[in-house]
Amino acid sequence: MDYPFSSLAKSSLIPSAINQLTAEFAEDFREGVDINLGVGYVNDKTIPVEAIREAYSDIMSHPDHYRNALNYGGADGSPNLRNSIRSYYTRYNIGGLEDKDFTNRKILIGANGATSILDALSDILQPGIVITADPYYYIYTETLERKGFKILAVPEDEEGLNTKLLENELTKVSSYDVSFFYIVTVNNPTTVILSNARRKAIVKIAQKLSEESGKLIPVIFDKAYEDIIHNPEMEKPVSGLKYDKGNQVFEVGTLSKILAPALRIGYIICPDNDFAKILTQRTSDIGFSSPLINQEISGWLLDHYIHIQKETVNKGYQQKAAFIKSQFSQHLGPYIESYSGGDAAFYFYITFKNIRTDKGSPFFNFLSRITGDPDVDGKGEKNPRLVYIPGTICSKTEKAKYQLRLSYGFEDPDVFKRAVKLMAEACEYALKF
Ligand SMILES: Cc1ncc(COP(=O)(O)O)c(C=O)c1O
């Protein structure tokens, strides 16, 4: 006899490629020896531990303002936090948004980070085609596929999703089959920043597609990394909401990258209509609300500490990125065709000239120490290993076999120095084949 599993449950039985990869590695990971540049952890040192302590004390001392902070919260989120997010946007003129852009819109807080909002969207919208950039944010595309959506991944260039290619792709599908657009504004894995011209063009294409199909096709901009665009010379992003002509554009944000992932605070700015009502119900269904104390702490940090936090976090990543770039040019120059990254977020996405990076390739086997050659793998104790995200996890294109993502969020520069040297050795090894 079997359990009466749903089709989602059945598809969840198969671990995703990335889960498989990390599970294999996590089993015998050696702290201080092996290096994990695969995970998207933020730098622990950027987490404002003292400010969080102060926030907690202040909240507990002011129960009139922060009511029932350790109790259940409302499913649409703490009014304090929602006000703080709105004020953060208008004070910093984020995305060019002003107070008037928030009328007829709601800020809703997800049950557990932006991830739970993205998951809720996949419950709310009927399965169909989801348009996104290639390479794609594999964690969400996998969720979508498990829920029966089809991914239409359109290659990006240095400005983000290529809208000319998108228009061409759209001639091959029925507009009615398109479910929604999922656009990561600082893309994960490449950290390519979507230009304002492209944002506008994407919204325009979605508007046309909606007219053709007779239904409103939402454009979801995931701006998870927009708070950490650390190169001050980059174009200042304009919010996709500015191009909205009628309840079609949504923005998903998170405080994970700028404050702390463990607070699990993600939010959406969306039209104040049925969509908002349904999303709120989904949050309630999943866990009543995001933990209220975390919401109050996050709001407090946005009100009292974000000016310091923004500065220190972005400076930190900027310095790290510059250091890593110098390591690349010192040790990897001859092997690399190109790379993106170093201006925003904390990933580099490397394209090698003629070295494959996918699972089973000599490069991969070298860094996993599974070549079968004791001189490479280590005699007795395994030599240091290095984990990265192979491009094939983020794209199905041929080129992806030669690509990889490295995260410089978590590890210190001296660990990265070791990692780059290991990669250079792996390149030399791979070129023998
Ligand atoms: C593009 C993107 N969206 C959303 C998230 C998830 O954010 P949260 O921690 O708020 O769930 C991530 C996390 O890495 C991400 O890379």
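Side chains included, hydrogens not; waters and symmetry mates left out as well; all remaining heavy atoms used. In this chain, numbering begins with 1 at the start of the sequence shown.
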S.K.: Looking only at side chains, do Y267 and E251 share a donor and an acceptor under 3.5 Å apart?
M.R.: no

S.K.: Excluding sequence neighbours, so at least two apart, what forms salt bridge (charged side-chain N to carboxylate O under 4.0 Å, His left out) with K320?
M.R.: none

S.K.: Stepwise, does the salt bridge (charged side-chain N to carboxylate O under 4.0 Å, His left out) test hold for D28 with R385?
M.R.: CA-CA 11 Å; D28 52 357; R385 296 176 300 171; 3.2 Å; yes

S.K.: Evaluate the side-chain proximity of R82 to D76: yes if any heavy-atom separation is below 4.5 Å, no if none is.
M.R.: yes

S.K.: Taking all atoms of both residues into account, what is the closest heavy-atom pair of G40 and S407, and its distance?
M.R.: CA-OG, 4.2 Å

S.K.: If you look at every heavy atom in G342 and T191, which pair is closest and at what distance?
M.R.: N-OG1, 4.3 Å

S.K.: May I ask you to test the R105-C270 pair for a side-chain heavy-atom distance under 4.5 Å?
M.R.: no

S.K.: Any side-chain heavy atom of M60 within less than 4.5 Å of one from I293?
M.R.: yes

S.K.: If you measure only the distance, is there a donor-acceptor pair under 3.5 Å linking the side chains of N162 and E156?
M.R.: no

S.K.: Short question: side chain of D227, backbone of S256 - any donor-acceptor pair under 3.5 Å?
M.R.: no

S.K.: Test Y335 against E428 for side chain to side chain donor-acceptor pair (under 3.5 Å), laying out the working first.
M.R.: CA-CA 9 Å; Y335 313 113; E428 275 306 307; 2.6 Å; yes

S.K.: Strictly distance-based, threshold 3.5 Å: is any side-chain N or O of D222 a donor or acceptor partner for the main-chain N or O of T185?
M.R.: no

S.K.: Under a 3.5 Å cutoff, is there a donor and acceptor pairing between the side chains of S195 and E235?
M.R.: no

S.K.: Could you label the plane-to-plane angle of the F348 and F328 rings as parallel, tilted or perpendicular, counting under 30° as parallel and over 60° as perpendicular?
M.R.: perpendicular

S.K.: Of all heavy-atom pairs between A430 and I355, which one has the smallest distance, and what is that distance?
M.R.: CB-CG2, 3.8 Å

S.K.: Counting N and O atoms only, with roles assigned by atom type, does the side chain of S210 sit under 3.5 Å from a partner on the main chain of A206, one being a donor and the other an acceptor?
M.R.: yes

S.K.: For residues T283 and A75, report the shortest heavy-atom separation together with the two atoms involved.
M.R.: CG2-O, 3.4 Å

S.K.: Of the non-hydrogen atoms in I109 and S78, which two are nearest, and what is the gap between them?
M.R.: CG1-N, 4.4 Å

S.K.: Can you confirm whether or not the ring centre of Y140 sits under 6.0 Å from the ring centre of Y182?
M.R.: yes

S.K.: Do R198 and D157 pass the salt bridge (charged side-chain N to carboxylate O under 4.0 Å, His left out) test, and can you show the C-alpha distance, the side-chain angles, and the key distance before you say yes or no?
M.R.: CA-CA 11 Å; R198 291 283 170 84; D157 54 29; 2.9 Å; yes

S.K.: Taking the ring centre of each residue, are Y347 and Y408 less than 6.0 Å apart?
M.R.: no

S.K.: Show your working on ring pair (Phe, Tyr, Trp, His ring centres under 6.0 Å) between F221 and Y243 and close with a plain yes or no.
M.R.: CA-CA 12 Å; F221 285 110; Y243 307 120; 8.2 Å; no

S.K.: Just wondering, do I52 and L301 contact through their side chains at under 4.5 Å, heavy atoms?
M.R.: yes

S.K.: Please check if the side chain of E145 supplies one atom and the backbone of K150 the other of a donor-acceptor pair under 3.5 Å.
M.R.: no

S.K.: Indicate the atoms forming the closest heavy-atom contact of I59 with A69, along with that distance.
M.R.: CG2-CB, 3.8 Å

S.K.: Among Y92, Y305, Y88, which residue meets the side chain to side chain donor-acceptor pair (under 3.5 Å) test with K310?
M.R.: Y88

S.K.: Is any side-chain heavy atom of I268 closer than 4.5 Å to one of I107?
M.R.: no

S.K.: Taking the ring of Y402 and the ring of F352, is the distance between their centroids below 6.0 Å?
M.R.: no

S.K.: What is the ring orientation for Y72 with F288, classed by angle as parallel under 30°, tilted 30 to 60°, or perpendicular over 60°?
M.R.: perpendicular

S.K.: Parallel, tilted or perpendicular for F410 and Y41, by the 30°/60° rule?
M.R.: perpendicular

S.K.: For the side chain of R405 and the backbone of N188, is there at least one donor-acceptor N/O pair under 3.5 Å apart?
M.R.: no

S.K.: If you take the centroid of each ring, where Trp contributes its six-membered ring, are F346 and Y225 closer together than 6.0 Å?
M.R.: yes

S.K.: Between the side chain of D34 and the main-chain N/O of F29, is any donor-acceptor distance below 3.5 Å?
M.R.: no

S.K.: Any carboxylate oxygen within less than 4.0 angstrom of a Lys/Arg side-chain nitrogen, looking at K315 and E311?
M.R.: yes

S.K.: Go through the side-chain N and O atoms of K147 and S122 and say whether any donor and acceptor fall under 3.5 Å apart.
M.R.: yes

S.K.: Between K396 and D134, does any side-chain N to carboxylate O distance fall below 4.0 Å?
M.R.: no

S.K.: Short question: side chain of T103, backbone of K100 - any donor-acceptor pair under 3.5 Å?
M.R.: yes

S.K.: State, with a plain yes or no, whether a side-chain heavy atom of Y317 is found less than 4.5 Å away from one of N43.
M.R.: yes

S.K.: Write out all pairs satisfying salt bridge (Lys or Arg N to Asp or Glu O under 4.0 Å) with one or both partners inside residues 276-288, taking only residues at least two apart or from two chains.
M.R.: D123-R282, D274-K277, R282-D285

S.K.: Taking C-beta and beyond as the side chain, do R146 and E142 meet within less than 4.5 Å on heavy atoms?
M.R.: yes

S.K.: Please tell me whether Q126 and S179 have a donor and an acceptor in their side chains that are separated by less than 3.5 angstrom.
M.R.: no

S.K.: Judged by atom type as modelled, is there a donor-acceptor pair below 3.5 Å linking the side chain of K242 to the main-chain atoms of G96?
M.R.: yes

S.K.: Is there a donor-acceptor contact under 3.5 Å from the side chain of N294 to the main chain of L263?
M.R.: yes

S.K.: Looking only at atom types and distance, does a side-chain atom of Q309 sit under 3.5 Å from a main-chain N or O of T46, one as donor and one as acceptor?
M.R.: yes

S.K.: Of all residues at least two apart in sequence or in a different chain, which pass the salt bridge (charged side-chain N to carboxylate O under 4.0 Å, His left out) check with K382?
M.R.: none

S.K.: Do the non-hydrogen side-chain atoms of P261 and V42 ever get within less than 4.5 Å of each other?
M.R.: yes

S.K.: Classify the side-chain pair D99/T90 by whether it contains a donor and acceptor separated by less than 3.5 Å.
M.R.: no

